[in-house]
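Okay, so here's the structure we're looking at.
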Protein chains: 2
Amino acid sequence: MAESTATAAAAEIVVVQRPRRADAARNFDALLAAAREAFAEHGADASLEDIARRAGVGIGTLYRNFPTRRHLFESVYAEEVNALAKVAVDLAAEPPWPALTTWLRRFVEYTVTKKAIRDALNGESDIFLACRESLYEAGGPLLLRAQQAGEVREDMSFDDLVRMISGITSIAFPEEGQRDRVLTIALDGVRARR
Amino acid sequence: MAESTATAAAAEIVVVQRPRRADAARNFDALLAAAREAFAEHGADASLEDIARRAGVGIGTLYRNFPTRRHLFESVYAEEVNALAKVAVDLAAEPPWPALTTWLRRFVEYTVTKKAIRDALNGESDIFLACRESLYEAGGPLLLRAQQAGEVREDMSFDDLVRMISGITSIAFPEEGQRDRVLTIALDGVRARR
DNA sequence: GTTAAAGTGGAGGCATGCCTCCACCATAGT
DNA sequence: ACTATGGTGGAGGCATGCCTCCACTTTAAC
(Lines give C-alpha, C1' and ligand atoms only; values in the text may rest on other atoms or scores of the structure.)
Protein backbone atom coordinates (compact mmCIF):
# COMPACT_ATOMS: atom_id res chain seq x y z
CA MET A 1 0.00 0.00 0.00
CA ALA A 2 1.59 3.22 -1.15
CA GLU A 3 1.04 6.22 1.07
CA SER A 4 -1.19 8.44 -1.05
CA THR A 5 0.03 12.00 -1.17
CA ALA A 6 -2.38 14.85 -1.78
CA THR A 7 -2.31 14.66 -5.57
CA ALA A 8 -0.82 11.25 -6.15
CA ALA A 9 -2.77 10.22 -9.23
CA ALA A 10 -2.57 6.44 -9.34
CA ALA A 11 -0.99 4.86 -12.39
CA GLU A 12 -3.51 4.00 -15.08
CA ILE A 13 -4.20 0.35 -15.62
CA VAL A 14 -3.53 -0.61 -19.21
CA VAL A 15 -4.58 -3.96 -20.59
CA VAL A 16 -3.73 -3.70 -24.29
CA GLN A 17 -2.03 -1.01 -26.36
CA ARG A 18 -4.06 1.30 -28.56
CA PRO A 19 -2.70 1.03 -32.13
CA ARG A 20 -0.96 4.03 -33.69
CA ARG A 21 -2.26 3.93 -37.22
CA ALA A 22 -5.28 6.15 -37.77
CA ASP A 23 -7.75 3.57 -39.10
CA ALA A 24 -6.68 1.01 -36.55
CA ALA A 25 -7.08 3.46 -33.68
CA ARG A 26 -10.57 4.31 -34.90
CA ASN A 27 -11.53 0.66 -34.94
CA PHE A 28 -10.02 0.14 -31.53
CA ASP A 29 -12.18 2.87 -30.05
CA ALA A 30 -15.27 1.63 -31.84
CA LEU A 31 -14.67 -1.83 -30.44
CA LEU A 32 -14.30 -0.58 -26.89
CA ALA A 33 -17.49 1.44 -27.19
CA ALA A 34 -19.41 -1.47 -28.69
CA ALA A 35 -18.10 -3.82 -26.04
CA ARG A 36 -19.14 -1.45 -23.29
CA GLU A 37 -22.66 -1.42 -24.72
CA ALA A 38 -22.86 -5.14 -25.26
CA PHE A 39 -21.51 -6.01 -21.83
CA ALA A 40 -23.95 -3.62 -20.26
CA GLU A 41 -26.79 -5.29 -22.12
CA HIS A 42 -25.92 -8.96 -21.93
CA GLY A 43 -23.39 -9.25 -19.14
CA ALA A 44 -19.88 -10.60 -19.34
CA ASP A 45 -20.69 -13.25 -21.91
CA ALA A 46 -22.05 -11.07 -24.64
CA SER A 47 -21.33 -12.42 -28.11
CA LEU A 48 -17.99 -11.26 -29.52
CA GLU A 49 -19.31 -11.51 -33.04
CA ASP A 50 -22.12 -9.20 -32.05
CA ILE A 51 -19.64 -6.73 -30.62
CA ALA A 52 -17.63 -6.74 -33.84
CA ARG A 53 -20.84 -6.21 -35.79
CA ARG A 54 -21.88 -3.28 -33.61
CA ALA A 55 -18.46 -1.72 -34.05
CA GLY A 56 -18.73 -2.16 -37.80
CA VAL A 57 -15.56 -4.21 -38.07
CA GLY A 58 -14.78 -7.82 -38.81
CA ILE A 59 -14.37 -10.40 -36.13
CA GLY A 60 -10.73 -10.71 -37.12
CA THR A 61 -10.09 -7.11 -36.18
CA LEU A 62 -11.55 -7.68 -32.78
CA TYR A 63 -9.22 -10.58 -32.16
CA ARG A 64 -6.24 -8.64 -33.46
CA ASN A 65 -6.79 -6.00 -30.79
CA PHE A 66 -8.07 -8.21 -28.00
CA PRO A 67 -6.65 -11.71 -28.17
CA THR A 68 -9.24 -13.12 -25.78
CA ARG A 69 -12.65 -12.19 -24.44
CA ARG A 70 -10.94 -11.55 -21.15
CA HIS A 71 -8.65 -8.91 -22.65
CA LEU A 72 -11.65 -7.10 -24.03
CA PHE A 73 -13.70 -7.26 -20.89
CA GLU A 74 -10.78 -6.25 -18.74
CA SER A 75 -10.12 -3.28 -21.00
CA VAL A 76 -13.66 -1.98 -20.59
CA TYR A 77 -13.54 -2.58 -16.89
CA ALA A 78 -10.12 -0.95 -16.48
CA GLU A 79 -11.36 2.17 -18.27
CA GLU A 80 -14.11 2.53 -15.72
CA VAL A 81 -11.83 1.91 -12.78
CA ASN A 82 -9.34 4.46 -14.02
CA ALA A 83 -12.08 7.06 -14.32
CA LEU A 84 -13.30 6.29 -10.81
CA ALA A 85 -9.82 6.66 -9.38
CA LYS A 86 -9.63 10.13 -10.89
CA VAL A 87 -12.98 11.08 -9.40
CA ALA A 88 -11.82 10.06 -5.94
CA VAL A 89 -8.86 12.41 -6.17
CA ASP A 90 -11.14 15.28 -7.16
CA LEU A 91 -13.36 14.62 -4.15
CA ALA A 92 -10.56 14.86 -1.61
CA ALA A 93 -11.55 18.42 -0.77
CA GLU A 94 -15.26 17.77 -0.11
CA PRO A 95 -16.67 17.02 3.36
CA PRO A 96 -16.50 13.31 4.29
CA TRP A 97 -20.08 12.11 3.90
CA PRO A 98 -20.94 13.92 0.65
CA ALA A 99 -17.58 12.91 -0.76
CA LEU A 100 -18.31 9.24 -0.06
CA THR A 101 -21.86 9.23 -1.37
CA THR A 102 -20.98 11.26 -4.44
CA TRP A 103 -18.23 8.82 -5.25
CA LEU A 104 -20.55 5.87 -4.78
CA ARG A 105 -23.12 7.39 -7.10
CA ARG A 106 -20.44 7.92 -9.71
CA PHE A 107 -19.54 4.31 -9.14
CA VAL A 108 -23.08 3.32 -9.99
CA GLU A 109 -23.14 5.52 -13.08
CA TYR A 110 -19.78 4.54 -14.46
CA THR A 111 -20.40 0.92 -13.90
CA VAL A 112 -22.04 0.46 -17.23
CA THR A 113 -20.98 -3.14 -16.97
CA LYS A 114 -23.55 -3.42 -14.21
CA LYS A 115 -24.66 -6.95 -14.78
CA ALA A 116 -21.11 -8.07 -15.28
CA ILE A 117 -19.52 -6.49 -12.27
CA ARG A 118 -20.31 -9.48 -10.08
CA ASP A 119 -17.91 -11.48 -12.17
CA ALA A 120 -15.30 -8.78 -12.08
CA LEU A 121 -15.40 -8.58 -8.31
CA ASN A 122 -14.38 -12.18 -8.09
CA GLY A 123 -12.07 -12.40 -11.09
CA GLU A 124 -8.72 -13.90 -10.29
CA SER A 125 -6.66 -12.53 -13.15
CA ASP A 126 -3.86 -10.04 -12.57
CA ILE A 127 -5.86 -7.28 -14.17
CA PHE A 128 -8.94 -7.84 -12.05
CA LEU A 129 -6.80 -7.90 -8.96
CA ALA A 130 -5.09 -4.69 -10.03
CA CYS A 131 -8.48 -3.10 -10.71
CA ARG A 132 -9.80 -4.13 -7.34
CA GLU A 133 -6.75 -2.75 -5.68
CA SER A 134 -6.97 0.51 -7.59
CA LEU A 135 -10.66 0.82 -6.81
CA TYR A 136 -10.10 0.16 -3.13
CA GLU A 137 -7.16 2.53 -2.97
CA ALA A 138 -9.33 5.23 -4.47
CA GLY A 139 -12.49 4.65 -2.46
CA GLY A 140 -11.11 3.20 0.77
CA PRO A 141 -9.80 6.50 2.08
CA LEU A 142 -13.17 8.13 1.45
CA LEU A 143 -14.82 5.57 3.69
CA LEU A 144 -12.11 5.82 6.32
CA ARG A 145 -12.42 9.58 6.43
CA ALA A 146 -16.19 9.37 6.88
CA GLN A 147 -15.74 6.85 9.65
CA GLN A 148 -13.17 8.99 11.44
CA ALA A 149 -15.56 11.91 11.22
CA GLY A 150 -18.17 9.76 12.95
CA GLU A 151 -20.47 9.82 9.93
CA VAL A 152 -20.30 6.14 9.11
CA ARG A 153 -20.61 3.08 11.31
CA GLU A 154 -17.36 1.42 12.26
CA ASP A 155 -18.41 -2.19 11.71
CA MET A 156 -18.25 -2.03 7.96
CA SER A 157 -15.40 -2.58 5.53
CA PHE A 158 -14.96 -0.96 2.17
CA ASP A 159 -15.46 -4.36 0.61
CA ASP A 160 -18.82 -4.65 2.34
CA LEU A 161 -19.79 -1.29 0.96
CA VAL A 162 -18.72 -2.00 -2.59
CA ARG A 163 -20.53 -5.31 -2.69
CA MET A 164 -23.68 -3.84 -1.23
CA ILE A 165 -23.75 -1.10 -3.83
CA SER A 166 -22.75 -3.44 -6.64
CA GLY A 167 -25.54 -5.81 -5.76
CA ILE A 168 -28.19 -3.15 -5.78
CA THR A 169 -26.74 -1.77 -8.98
CA SER A 170 -26.76 -5.09 -10.77
CA ILE A 171 -30.52 -5.46 -10.45
CA ALA A 172 -32.90 -3.93 -12.96
CA PHE A 173 -35.28 -1.26 -11.64
CA PRO A 174 -38.27 -0.75 -13.90
CA GLU A 175 -39.49 2.39 -12.19
CA GLU A 176 -37.84 5.73 -12.86
CA GLY A 177 -35.78 6.90 -9.90
CA GLN A 178 -36.30 3.66 -8.02
CA ARG A 179 -32.65 2.63 -8.00
CA ASP A 180 -31.76 5.97 -6.51
CA ARG A 181 -34.41 5.67 -3.82
CA VAL A 182 -33.23 2.22 -2.84
CA LEU A 183 -29.60 3.29 -2.80
CA THR A 184 -30.46 6.16 -0.51
CA ILE A 185 -32.22 3.83 1.88
CA ALA A 186 -29.32 1.41 1.93
CA LEU A 187 -26.90 4.27 2.53
CA ASP A 188 -29.03 5.32 5.48
CA GLY A 189 -28.08 2.01 7.01
CA VAL A 190 -24.44 2.85 6.43
CA ARG A 191 -24.63 6.09 8.45
CA ALA A 192 -23.52 6.01 12.04
CA ARG A 193 -26.16 5.60 14.72
CA ARG A 194 -26.55 8.73 16.83
CA MET B 1 -57.58 -27.33 -8.07
CA ALA B 2 -59.03 -28.27 -4.70
CA GLU B 3 -58.92 -25.65 -1.94
CA SER B 4 -56.33 -27.16 0.34
CA THR B 5 -57.30 -26.41 3.95
CA ALA B 6 -59.40 -24.07 6.01
CA THR B 7 -56.40 -21.84 6.79
CA ALA B 8 -56.60 -19.57 3.76
CA ALA B 9 -53.35 -20.87 2.31
CA ALA B 10 -52.80 -19.20 -1.02
CA ALA B 11 -53.28 -21.43 -4.05
CA GLU B 12 -50.07 -23.12 -5.10
CA ILE B 13 -48.69 -22.11 -8.44
CA VAL B 14 -48.33 -25.12 -10.69
CA VAL B 15 -46.46 -24.94 -13.95
CA VAL B 16 -46.45 -28.54 -15.15
CA GLN B 17 -48.06 -31.70 -13.84
CA ARG B 18 -45.99 -34.28 -11.97
CA PRO B 19 -46.42 -37.65 -13.73
CA ARG B 20 -48.23 -40.46 -11.93
CA ARG B 21 -46.20 -43.48 -12.89
CA ALA B 22 -43.50 -44.36 -10.33
CA ASP B 23 -40.41 -44.21 -12.54
CA ALA B 24 -41.60 -41.07 -14.27
CA ALA B 25 -42.29 -39.31 -10.99
CA ARG B 26 -38.81 -40.21 -9.79
CA ASN B 27 -37.27 -38.71 -12.89
CA PHE B 28 -39.41 -35.61 -12.57
CA ASP B 29 -38.15 -34.99 -9.06
CA ALA B 30 -34.56 -35.67 -10.04
CA LEU B 31 -34.87 -33.16 -12.86
CA LEU B 32 -36.25 -30.45 -10.60
CA ALA B 33 -33.47 -31.00 -8.09
CA ALA B 34 -30.80 -30.99 -10.76
CA ALA B 35 -32.28 -27.88 -12.34
CA ARG B 36 -32.31 -26.09 -9.00
CA GLU B 37 -28.62 -26.86 -8.59
CA ALA B 38 -27.68 -25.91 -12.11
CA PHE B 39 -29.62 -22.66 -12.09
CA ALA B 40 -28.05 -21.73 -8.77
CA GLU B 41 -24.63 -22.36 -10.23
CA HIS B 42 -24.87 -20.93 -13.71
CA GLY B 43 -27.89 -18.65 -13.66
CA ALA B 44 -30.96 -18.88 -15.82
CA ASP B 45 -29.12 -20.09 -18.90
CA ALA B 46 -27.58 -23.22 -17.49
CA SER B 47 -27.23 -25.98 -20.05
CA LEU B 48 -30.29 -28.21 -20.29
CA GLU B 49 -28.17 -31.14 -21.40
CA ASP B 50 -26.09 -30.68 -18.28
CA ILE B 51 -29.22 -30.69 -16.16
CA ALA B 52 -30.40 -33.94 -17.73
CA ARG B 53 -26.97 -35.44 -17.13
CA ARG B 54 -26.97 -34.40 -13.47
CA ALA B 55 -30.42 -35.91 -13.04
CA GLY B 56 -29.20 -39.12 -14.64
CA VAL B 57 -31.84 -39.07 -17.37
CA GLY B 58 -31.78 -38.51 -21.10
CA ILE B 59 -32.39 -35.13 -22.65
CA GLY B 60 -35.59 -36.49 -24.14
CA THR B 61 -37.02 -37.09 -20.70
CA LEU B 62 -36.31 -33.55 -19.72
CA TYR B 63 -38.21 -32.24 -22.71
CA ARG B 64 -41.09 -34.64 -22.13
CA ASN B 65 -41.64 -33.11 -18.70
CA PHE B 66 -40.69 -29.54 -19.45
CA PRO B 67 -41.41 -28.59 -23.04
CA THR B 68 -39.23 -25.48 -22.88
CA ARG B 69 -36.45 -24.09 -20.76
CA ARG B 70 -38.92 -21.57 -19.49
CA HIS B 71 -41.22 -24.29 -18.15
CA LEU B 72 -38.35 -25.78 -16.23
CA PHE B 73 -37.09 -22.53 -14.82
CA GLU B 74 -40.55 -21.41 -13.91
CA SER B 75 -41.15 -24.69 -12.11
CA VAL B 76 -38.10 -24.26 -9.94
CA TYR B 77 -38.96 -20.67 -9.27
CA ALA B 78 -42.59 -21.46 -8.48
CA GLU B 79 -41.52 -24.07 -5.94
CA GLU B 80 -39.55 -21.45 -4.08
CA VAL B 81 -42.29 -18.90 -4.22
CA ASN B 82 -44.83 -21.41 -2.92
CA ALA B 83 -42.55 -22.24 0.00
CA LEU B 84 -42.10 -18.56 0.79
CA ALA B 85 -45.83 -17.95 0.77
CA LYS B 86 -46.22 -20.69 3.37
CA VAL B 87 -43.53 -19.15 5.55
CA ALA B 88 -45.31 -15.81 5.50
CA VAL B 89 -48.47 -17.40 6.82
CA ASP B 90 -46.54 -19.00 9.67
CA LEU B 91 -45.02 -15.66 10.62
CA ALA B 92 -48.35 -13.90 11.02
CA ALA B 93 -48.19 -14.33 14.80
CA GLU B 94 -44.70 -12.88 15.32
CA PRO B 95 -44.06 -9.20 16.14
CA PRO B 96 -43.85 -6.97 13.07
CA TRP B 97 -40.13 -6.28 12.70
CA PRO B 98 -38.82 -9.77 13.48
CA ALA B 99 -41.51 -11.22 11.25
CA LEU B 100 -40.39 -9.08 8.35
CA THR B 101 -36.67 -9.68 8.76
CA THR B 102 -37.10 -13.39 9.35
CA TRP B 103 -39.13 -13.66 6.19
CA LEU B 104 -36.53 -11.72 4.23
CA ARG B 105 -33.77 -13.99 5.47
CA ARG B 106 -35.80 -17.00 4.40
CA PHE B 107 -36.21 -15.26 1.09
CA VAL B 108 -32.45 -15.07 0.79
CA GLU B 109 -32.02 -18.71 1.76
CA TYR B 110 -34.73 -20.14 -0.42
CA THR B 111 -33.66 -18.15 -3.38
CA VAL B 112 -31.22 -20.76 -4.51
CA THR B 113 -31.70 -19.34 -7.96
CA LYS B 114 -29.85 -16.31 -6.66
CA LYS B 115 -28.04 -15.33 -9.80
CA ALA B 116 -31.14 -15.92 -11.84
CA ILE B 117 -33.64 -14.03 -9.77
CA ARG B 118 -32.89 -10.78 -11.54
CA ASP B 119 -34.35 -12.29 -14.66
CA ALA B 120 -37.34 -13.67 -12.85
CA LEU B 121 -38.16 -10.29 -11.36
CA ASN B 122 -38.57 -8.88 -14.83
CA GLY B 123 -40.01 -11.89 -16.62
CA GLU B 124 -43.16 -11.11 -18.52
CA SER B 125 -44.68 -14.56 -18.73
CA ASP B 126 -47.92 -15.43 -16.99
CA ILE B 127 -46.12 -17.62 -14.50
CA PHE B 128 -43.59 -15.00 -13.55
CA LEU B 129 -46.36 -12.50 -13.08
CA ALA B 130 -48.27 -14.98 -10.94
CA CYS B 131 -45.14 -15.64 -8.89
CA ARG B 132 -44.50 -11.98 -8.37
CA GLU B 133 -48.05 -11.49 -7.31
CA SER B 134 -47.93 -14.43 -4.94
CA LEU B 135 -44.65 -13.25 -3.48
CA TYR B 136 -45.96 -9.75 -2.98
CA GLU B 137 -49.19 -11.00 -1.51
CA ALA B 138 -47.22 -13.03 0.98
CA GLY B 139 -44.60 -10.46 1.92
CA GLY B 140 -46.44 -7.20 1.35
CA PRO B 141 -48.57 -7.47 4.48
CA LEU B 142 -45.47 -8.13 6.57
CA LEU B 143 -44.00 -4.83 5.41
CA LEU B 144 -47.26 -2.98 5.84
CA ARG B 145 -47.63 -4.27 9.38
CA ALA B 146 -44.11 -3.17 10.28
CA GLN B 147 -44.79 0.25 8.80
CA GLN B 148 -48.02 0.63 10.73
CA ALA B 149 -46.17 -0.31 13.90
CA GLY B 150 -43.75 2.55 13.18
CA GLU B 151 -40.83 0.16 12.78
CA VAL B 152 -40.17 0.78 9.10
CA ARG B 153 -39.90 4.01 7.14
CA GLU B 154 -42.98 4.94 5.15
CA ASP B 155 -41.25 6.01 1.94
CA MET B 156 -40.49 2.50 0.79
CA SER B 157 -42.53 0.04 -1.25
CA PHE B 158 -42.41 -3.71 -1.00
CA ASP B 159 -40.98 -3.75 -4.51
CA ASP B 160 -38.14 -1.51 -3.36
CA LEU B 161 -37.44 -3.90 -0.52
CA VAL B 162 -37.49 -7.04 -2.63
CA ARG B 163 -35.19 -5.56 -5.22
CA MET B 164 -32.79 -4.28 -2.62
CA ILE B 165 -32.53 -7.68 -0.99
CA SER B 166 -32.40 -9.49 -4.31
CA GLY B 167 -29.56 -7.31 -5.48
CA ILE B 168 -27.47 -7.92 -2.40
CA THR B 169 -28.30 -11.61 -2.60
CA SER B 170 -27.28 -11.96 -6.22
CA ILE B 171 -23.71 -10.88 -5.50
CA ALA B 172 -21.08 -13.35 -4.37
CA PHE B 173 -19.57 -12.78 -0.93
CA PRO B 174 -16.23 -14.52 -0.50
CA GLU B 175 -16.02 -13.96 3.23
CA GLU B 176 -17.99 -16.13 5.65
CA GLY B 177 -20.87 -14.22 7.19
CA GLN B 178 -20.31 -11.19 5.02
CA ARG B 179 -23.62 -11.39 3.20
CA ASP B 180 -25.40 -11.46 6.51
CA ARG B 181 -23.48 -8.47 7.79
CA VAL B 182 -24.26 -6.45 4.69
CA LEU B 183 -27.91 -7.42 4.77
CA THR B 184 -28.14 -6.29 8.37
CA ILE B 185 -26.64 -2.93 7.50
CA ALA B 186 -29.03 -2.44 4.60
CA LEU B 187 -31.96 -3.39 6.81
CA ASP B 188 -30.83 -0.75 9.29
CA GLY B 189 -31.56 1.75 6.56
CA VAL B 190 -35.03 0.29 6.25
CA ARG B 191 -35.88 0.89 9.90
CA ALA B 192 -37.79 4.01 10.79
CA ARG B 193 -35.87 7.04 12.00
CA ARG B 194 -36.54 7.84 15.62
C1' DG C 1 3.74 8.45 -56.52
C1' DT C 2 5.63 4.20 -54.76
C1' DT C 3 5.91 0.65 -51.68
C1' DA C 4 6.64 -2.00 -47.45
C1' DA C 5 4.48 -2.71 -43.38
C1' DA C 6 0.40 -2.72 -40.80
C1' DG C 7 -4.22 -3.63 -40.70
C1' DT C 8 -8.71 -5.81 -42.37
C1' DG C 9 -12.63 -8.98 -42.37
C1' DG C 10 -15.00 -12.95 -43.31
C1' DA C 11 -14.89 -17.90 -44.64
C1' DG C 12 -14.50 -22.10 -42.35
C1' DG C 13 -13.39 -25.67 -38.78
C1' DC C 14 -14.56 -26.84 -34.23
C1' DA C 15 -17.35 -27.02 -30.13
C1' DT C 16 -21.53 -26.64 -27.72
C1' DG C 17 -26.37 -26.13 -26.96
C1' DC C 18 -31.25 -26.64 -28.48
C1' DC C 19 -34.87 -29.56 -29.63
C1' DT C 20 -37.22 -33.55 -32.37
C1' DC C 21 -38.00 -38.06 -33.31
C1' DC C 22 -38.56 -42.81 -32.73
C1' DA C 23 -37.00 -47.65 -31.68
C1' DC C 24 -36.86 -49.73 -27.40
C1' DC C 25 -38.29 -50.53 -22.33
C1' DA C 26 -40.85 -50.51 -17.75
C1' DT C 27 -45.10 -50.25 -15.32
C1' DA C 28 -49.65 -51.09 -13.85
C1' DG C 29 -53.97 -53.06 -14.67
C1' DT C 30 -56.03 -57.27 -15.78
C1' DA D 1 -47.92 -63.71 -16.54
C1' DC D 2 -49.31 -60.59 -20.32
C1' DT D 3 -49.79 -56.70 -22.81
C1' DA D 4 -51.00 -52.04 -24.00
C1' DT D 5 -49.82 -47.77 -22.74
C1' DG D 6 -46.88 -44.42 -21.25
C1' DG D 7 -42.10 -43.46 -20.60
C1' DT D 8 -37.13 -43.44 -22.01
C1' DG D 9 -32.83 -41.64 -23.89
C1' DG D 10 -29.69 -40.66 -27.29
C1' DA D 11 -28.65 -39.92 -32.25
C1' DG D 12 -28.86 -36.25 -35.37
C1' DG D 13 -30.18 -31.78 -37.65
C1' DC D 14 -29.96 -27.00 -36.82
C1' DA D 15 -28.24 -22.78 -34.91
C1' DT D 16 -24.88 -20.06 -32.73
C1' DG D 17 -20.51 -18.80 -30.84
C1' DC D 18 -15.39 -19.19 -30.69
C1' DC D 19 -11.17 -18.48 -32.87
C1' DT D 20 -7.63 -19.02 -36.86
C1' DC D 21 -5.92 -17.96 -41.08
C1' DC D 22 -4.77 -15.48 -45.09
C1' DA D 23 -5.79 -12.97 -49.58
C1' DC D 24 -6.74 -8.34 -49.91
C1' DT D 25 -6.68 -3.13 -48.58
C1' DT D 26 -5.04 1.05 -46.36
C1' DT D 27 -1.69 3.93 -44.38
C1' DA D 28 2.29 6.62 -43.90
C1' DA D 29 7.14 7.05 -44.74
C1' DC D 30 10.00 8.19 -48.29
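Letters go in sequence order (proteins before strands), and every chain restarts at 1.
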First of A:N65 and B:Y63 reached from the 5' end of DNA chain C, by closest nucleotide: A:N65

Whether A:R69 side chain and A:A44 backbone form a donor-acceptor pair below 3.5 Å: yes

Ring geometry between B:Y136 and B:F158 (parallel below 30°, tilted from 30 to 60°, perpendicular above 60°): perpendicular

Touch class at under 4.0 angstrom, heavy-atom based, for B:T61 against every strand present: base

N/O donor-acceptor pair under 3.5 Å between B:W103 side chain and B:L84 backbone: yes

Side-chain donor or acceptor of A:S170 paired with backbone N/O of A:G167 under 3.5 Å: yes

Estimated bend of the helix from C:dG1-D:dC30 to C:dT30-D:dA1 (axis per five terminal pairs, rounded to 10 degrees): 20°

Value in whole Å for how far the P atom of D:dT8 lies from CZ of B:R64: 7 Å

Sugar-phosphate, base or nothing in reach of B:I59, heavy atoms under 4.0 Å: base

Which residues share a salt bridge (charged side-chain N to carboxylate O under 4.0 Å, His left out) with A:D29, sequence neighbours left out: A:R18

Contacts of type side-chain hydrogen bond (donor to acceptor under 3.5 Å, both in side chains), residue B:N65, not counting sequence neighbours: none

Heavy-atom protein contacts under 4.0 Å, nucleotides 23-30 of chain D, coded B base, S sugar-phosphate only, - none: ---BSS--

Which atom pairs, donor and acceptor, lie under 3.5 Å between side-chain atoms of residues 56-64 of chain B and protein residues at least two apart or in another chain?
none

Contact nearer the 5' end of DNA chain D, comparing A:E49 with B:E49: B:E49

Backbone N/O of A:M156 and side chain of A:D160: donor-acceptor pair under 3.5 Å: no

Residue mapping more 5' on DNA chain C - nearest nucleotide basis, B:P67 or A:V57: A:V57

Sugar-phosphate, base or nothing in reach of B:R69, heavy atoms under 4.0 Å: sugar-phosphate

Basic-acidic side-chain contact under 4.0 Å: A:R181, A:E176: no

Terminal contacting nucleotides, 5' and 3', DNA chain C versus chain B (heavy atom, 4.0 Å): C:dG17 to C:dA28

Sugar-phosphate, base or nothing in reach of B:D50, heavy atoms under 4.0 Å: nothing

N-O pairing of A:D50 and A:R53 below 4.0 Å: yes

A:R163 vs A:D159, salt bridge (charged side-chain N to carboxylate O under 4.0 Å, His left out): CA-CA, chis, key distance, verdict: CA-CA 6 Å; A:R163 284 175 201 274; A:D159 191 63; 2.9 Å; yes

